[in-house]
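What follows is a short report on a single structure.
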Number of protein chains: 2
Amino acid sequence: MKRVTINDIARELNITAATVSRALSDHPEISSGTKKIVKETALRLDYSPNKVASSLRSGKTNIIGVIIPTAEHIFFGSVIHGISNAASKNGYEVLIYQSNESEQFEKKGIDAFINARVDGILASIAKDTKDFSHFSYVKEKNIPIAFFDRFNDNLGISSVCIDDYRGAFLAVETLVNEGYNRIAYISGPLHIKTFSERVRGYKDALEHYNLDSDPELIYPGDISIESGRKAIKKFFKLDNKPDAVCAVEDFTALGALKELKEMGVNVPEEFGVIGFCNDLFGEHISPSLSTVDQQTVAMGEEAFDLINKLINNEPANQRVHKKVLEPLIIIRESSKRT
Amino acid sequence: MKRVTINDIARELNITAATVSRALSDHPEISSGTKKIVKETALRLDYSPNKVASSLRSGKTNIIGVIIPTAEHIFFGSVIHGISNAASKNGYEVLIYQSNESEQFEKKGIDAFINARVDGILASIAKDTKDFSHFSYVKEKNIPIAFFDRFNDNLGISSVCIDDYRGAFLAVETLVNEGYNRIAYISGPLHIKTFSERVRGYKDALEHYNLDSDPELIYPGDISIESGRKAIKKFFKLDNKPDAVCAVEDFTALGALKELKEMGVNVPEEFGVIGFCNDLFGEHISPSLSTVDQQTVAMGEEAFDLINKLINNEPANQRVHKKVLEPLIIIRESSKRT
DNA sequence: CTGTTAGCGCCTTCAT
DNA sequence: ATGAAGGCGCTAACAG
C-alpha cells in the first residue's frame with residue numbers, strides 16, 4: 001500500500017528528487033535525456049503524483065467548491081454538468097456540497113470548503129438563508145466566490161444568472177399575446193433576488209400592457225407542487241378571478257395545472273399557464289407546459305469562467321461582475337389559446 | 001491573504017505548535033485551561049485548520065470520489081443526494097467527476113481521484129466502457145472502490161444496485177396480470193450487468209408465465225427517447241406484434257409512449273407500457289407511466305456505507321460484497337388495462 | 001543542467 | 001502537562 005514517490009524514482013536513477021520533480025513537470029532546464037528516463041521510470045514504478053503534497057506546497061488545490069441547494073432537482077444537476085465539464089477542461093476538480101436549502105448547512109459547507117482550501121467557491125443560495133454573513137466572510141478572506149442563479153446583490157459578490165426580470169416579462173407578454181388579460185403570479189421566497197426580480201418583471205409587464213395589477217393576484221409560494229395547487233385554490237375564490245397564471249418555476253406550474261384539471265378548468269382554452277425553468281417533464285405532460293428556459297449548462301460554464309477569472313486575477317482590482325444570460329421563451333400547449 | 005496557522009496561535013500564547021494541535025483536537029493530556037485559551041485564541045485569530053496539510057500528514061483526505069455518467073439525469077442527482085448526505089454526516093466530502101458516458105473520461109476521472117488521494121471511489125460505469133482495467137487497477141492499488149447501479153461482477157469489486165432481475169420480472173408480471181400476453185422488451189447496452197440482468201428477469205418471467213419468448217421482441221436500444229420510438233416502429237412491423245412492452249428505463253418508455261400516441265395506438269387499452277427508474281416526469285405525463293422504482297437515495301446511502309466500511313477495514317480480509325435493494329413496482333395508468 | 005536546502009502546516013513519537 | 005524534533009511529498013530558491 002506504500003505509494004511510490006519522486007524519491008523512489010530519484011533513488012532508482014541515482015539523481016535527486018528535485019530533478020525528478022522538474023523532469024516530470026517539463027522544466028526547460030532539464031535535459032531531454034533525463035526527462036525521458038525519469039518519465040519511463042515513473043511509468044514503470046507506477047508513480048502517481050500526490051496532489052495533496054503539491055497543494056500544500058503550492059497553496060493551490062485546483063478544486064472548486066460548489067454549494068447547491070439540492071442535487072435532487074435537475075436544474076442544479078444540469079448547472080453542475082456545465083460547471084464540471086468546464087472545470088475538467090481547465091484542470092480543476094469539483095467538490096459538491098448540498099445545503100438542503102438550509103442556512104445552517106450552507107454555513108457548514110462554506111467552512112468545509114475553506115478548510116479544504118478550495119481555490120474558489122460557487123454557490124446558489126438556499127431558500128431558507130436569511131443571514132448572508134458567511135458569504136461576506138468568504139469574500140473578506142479574499143477567497144474567490146461567485147453566485148449562480150440564486151444570488152444576493154448586496155454583498156459585492158459576482159454572479160451569473162439569467163435575466164429573471166426579462167424572463168417573467170416575456171412570460172406575461174406571451175400570455176397577453178394569446179389574449180389572456182387578467183394574469184396572476186405564483187411567487188417564490190422574495191428575499192432571494194432571483195425570485196423578487198421575476199415578480200418585478202411580472203408587474204412591469206402588466207403595467208406595460210395596461211393590465212390590472214392586483215396584489216391579490218400575487219401568491220407568495222415556496223417552490224413546490226403544493227404551492228401551485230394552493231395558489232389556484234386561492235385565486236378561484238376571488239370575486240375577480242384571473243384567466244392565466246405565471247409560476248415562479250415549473251413544479252409550481254405543474255401543481256397549478258393539476259389543480260386546474262381537478263377543478264375541471266380547461267387549459268389553455270379557459271386558463272393559461274406558464275412556468276419557469278424548462279424542467280424536463282414540461283415537454284411531456286399534457287397539456288405540455290410553456291416555460292422559460294434558463295440555459296442551465298451555459299450558466300454552469302459561465303459560473304466556472306467567472307470563478308476561474310477571479311482565481312487568476314489580483315483580488316485588488318476586481319470589481320463585481322454580473323453576468324446575465326438571456327432567458328428563452330418556450331411556447332407549448334399550456335399557454336396557446338389560438 | 002496569509003492564513004493563520006497553529007504556529008501563529010502558539011506564538012501568540014508562548015506555547016508550542018504541538019500543544020496547540022493537541023488542544024484543538026481535545027487531546028486528553030492537555031489541561032482544560034490550555035484548551036480553553038487555545039480555542040479562544042483560534043477563534044479570535046480566525047484560525048481555520050488546513051486540511052491539506054493534515055491530509056498530507058495523516059494520509060487521509062476524508063474525500064470520496066464519485067464518478068457518474070452525467071449529472072443531467074435526475075437518477076444520478078438523486079443518488080448523489082444520498083451519498084452526499086451520508087458522507088456529510090460522517091465527516092466526508094464528495095468530489096464529483098462526470099464521465100459523460102465515455103470510457104476515456106472515466107479513466108481520467110480515476111486518475112484524478114488517485115492523484116487527489118481520495119479515501120475511496122464510488123463509480124457507476126459509463127455506457128461506452130468496454131475495458132474495465134482502470135477499475136481493476138484501483139483495486140490492485142488497494143484503494144477502496146465500489147460500484148453503484150451500473151456495475152461489473154467480474155472485477156471482484158463490491159456494488160450496490162437494486163435487484164434488476166427482480167425489477168424486470170415484476171414489470172412483466174404486472175403486465176401479465178393486466179392480461180397482456182405478448183410482451184416485448186427494449187433493452188440498454190448488454191455489457192453492463194445492470195441491463196443484462198433486466199433482460200434475464202424479463203425472459204424468466206415470460207417463461208414462468210408460459211408466454212412466447214421471441215428474440216424479435218427484444219430490441220437492443222441505447223437508453224434514449226429515440227431508442228424507444230425506434231423499438232416501437234420495429235415491433236409494429238412484425239407479423240406477430242406485441243401488445244405490451246417493458247423498457248429498460250423511463251426515457252426509453254417515454255419514447256415508446258410518444259411513438260404509440262403518434263401511431264394512434266391506445267395506451268393502456270390496446271398496448272401496455274412499463275418503464276424502469278421512476279423518473280420524476282412519469283407521474284405527470286399522460287397516460288402516467290408505470291415503472292419500477294430504484295430507491296435512489298437509499299442506494300446512495302448504501303453506497304456510502306459500503307465505501308465507508310471498505311475505508312475503515314483491513315483490505316486483507318475483505319470479501320466482495322453485493323448489496324441488493326428491492327425494486328418497487330409503481331403502477332400508474334400506462335399498464336392498467338382494467 | 002543538476003544538487004542542496006528548506007519549508008508549506010500539521011501531527012506524532014519521544015523526551016522531560 | 002508540555003516541548004522538541006522529524007517527516008508526510010513536493011517544489012522553489014539558491015548554488016554550483
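As a basis for the values below, the full set of heavy atoms in this structure was taken, side chains included, without hydrogen atoms, waters or symmetry mates. Bear in mind that the values here come from a model prediction, so they are computed numbers and not experimental data. Just so we're on the same page: letters track the sequence lines, and every chain starts at 1.
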Subject >> Spacing of A:Ile30 atom CD1 relative to D:dA12 atom P, expressed in whole Å >> reply: 13 Å
Original post:
Starting at the 5' end of DNA chain D, which residue's closest nucleotide do you reach first, B:Pro28 or A:Asn7?
Top reply: B:Pro28
Original post:
In whole Å, what is the span from the CZ atom of B:Arg117 to the C1' atom of D:dG9?
Top reply: 9 Å
**OP:** Would you kindly say whether B:Ser78 and B:Thr296 are connected by a side-chain donor-acceptor distance under 3.5 Å?
**Re:** yes
Subject >> Any A:Ser21 side-chain N or O less than 4.0 Å from OP1/OP2 of D:dT11 >> reply: yes
Subject >> End axis versus end axis in the helix from C:dC1-D:dG16 to C:dT16-D:dA1, the angle rounded to 10°, five pairs used at each terminus >> reply: 40°
Original post:
Out of C:dC1, C:dC10, C:dC8, which nucleotide sits closest to the side chain of B:Ile6?
Top reply: C:dC10
Subject >> Donor-acceptor side-chain pairing of B:Thr19 and B:Thr16 below 3.5 angstrom >> reply: yes
Original post:
Does the side chain of A:Ser133 come under 3.5 Å of the side chain of A:Ser136 through a donor N or O and an acceptor N or O?
Top reply: no
Subject >> Residue B:Ala53, side-chain heavy atoms: nucleotide from C:dC11, C:dT2, C:dG9 that is nearest >> reply: C:dG9
Original post:
Under 4.0 angstrom, heavy atoms only, what part of the nucleic acid is A:Thr16 near: base, sugar-phosphate, or nothing?
Top reply: base
Original post:
Between atom CG in A:Asp26 and atom C1' in D:dT11, what is the gap in whole Å?
Top reply: 15 Å
**OP:** For the side chain of B:Arg57, starting at C-beta, report the closest nucleotide among C:dT12, D:dT2, D:dT11.
**Re:** C:dT12
Subject >> B:Lys60 NZ to C:dT12 C1', straight-line distance once rounded to whole Å >> reply: 17 Å
Original post:
For residues B:Arg150 and B:Ser159, is any side-chain donor paired with an opposing acceptor at under 3.5 Å?
Top reply: no
Original post:
For B:Ser31 and D:dT2, is the shortest distance between a side-chain N/O and OP1 or OP2 below 4.0 Å?
Top reply: yes
**OP:** Answer yes when A:Lys36 and A:Glu40 have at least one side-chain N-carboxylate O distance shorter than 4.0 Å, and no when they do not.
**Re:** yes
Subject >> N-O pairing of B:Lys127 and B:Glu103 below 4.0 Å >> reply: no
Original post:
Between C:dT2, D:dG6, C:dC8, which nucleotide gets closest to the side-chain atoms of A:Thr34?
Top reply: C:dT2
Subject >> Spacing between B:Arg11 atom CZ and C:dG9 atom P, to the nearest angstrom >> reply: 11 Å
Original post:
Is it the case that B:Arg22 and B:Thr34 place a side-chain donor and acceptor less than 3.5 Å from each other?
Top reply: no
**OP:** For the side chain of A:Thr5, starting at C-beta, report the closest nucleotide among D:dC10, C:dC1, C:dG9.
**Re:** D:dC10
Subject >> A:Thr129 and A:Glu106 side chains, donor-acceptor separation under 3.5 Å >> reply: yes
**OP:** Using whole Å, report how far NE2 of B:His27 lies from P of D:dG3.
**Re:** 13 Å
**OP:** Nearest whole angstrom, please: distance from the P of D:dC10 to the CG of A:Leu56.
**Re:** 12 Å
**OP:** Give a yes-or-no answer on whether the side chains of B:Asn50 and A:Asn115 include a donor-acceptor pair shorter than 3.5 Å.
**Re:** no
**OP:** Please check the phosphate of D:dG3 (OP1 and OP2 only) for any side-chain N or O of B:Thr19 closer than 4.0 Å.
**Re:** yes
Original post:
Any chance the side chains of A:Asp119 and A:Thr61 put a donor and an acceptor closer than 3.5 Å?
Top reply: yes
Subject >> Separation of C:dG9 P from B:Asp8 CG (nearest whole Å) >> reply: 8 Å
Collect all protein-nucleotide pairs involving nucleotides 13-16 of chain D in which both atoms are nitrogen or oxygen and the distance is under 3.5 Å.
residue	atom	partner	partner atom	Å
D:dA13	N6	A:Arg22	NH1	3.1

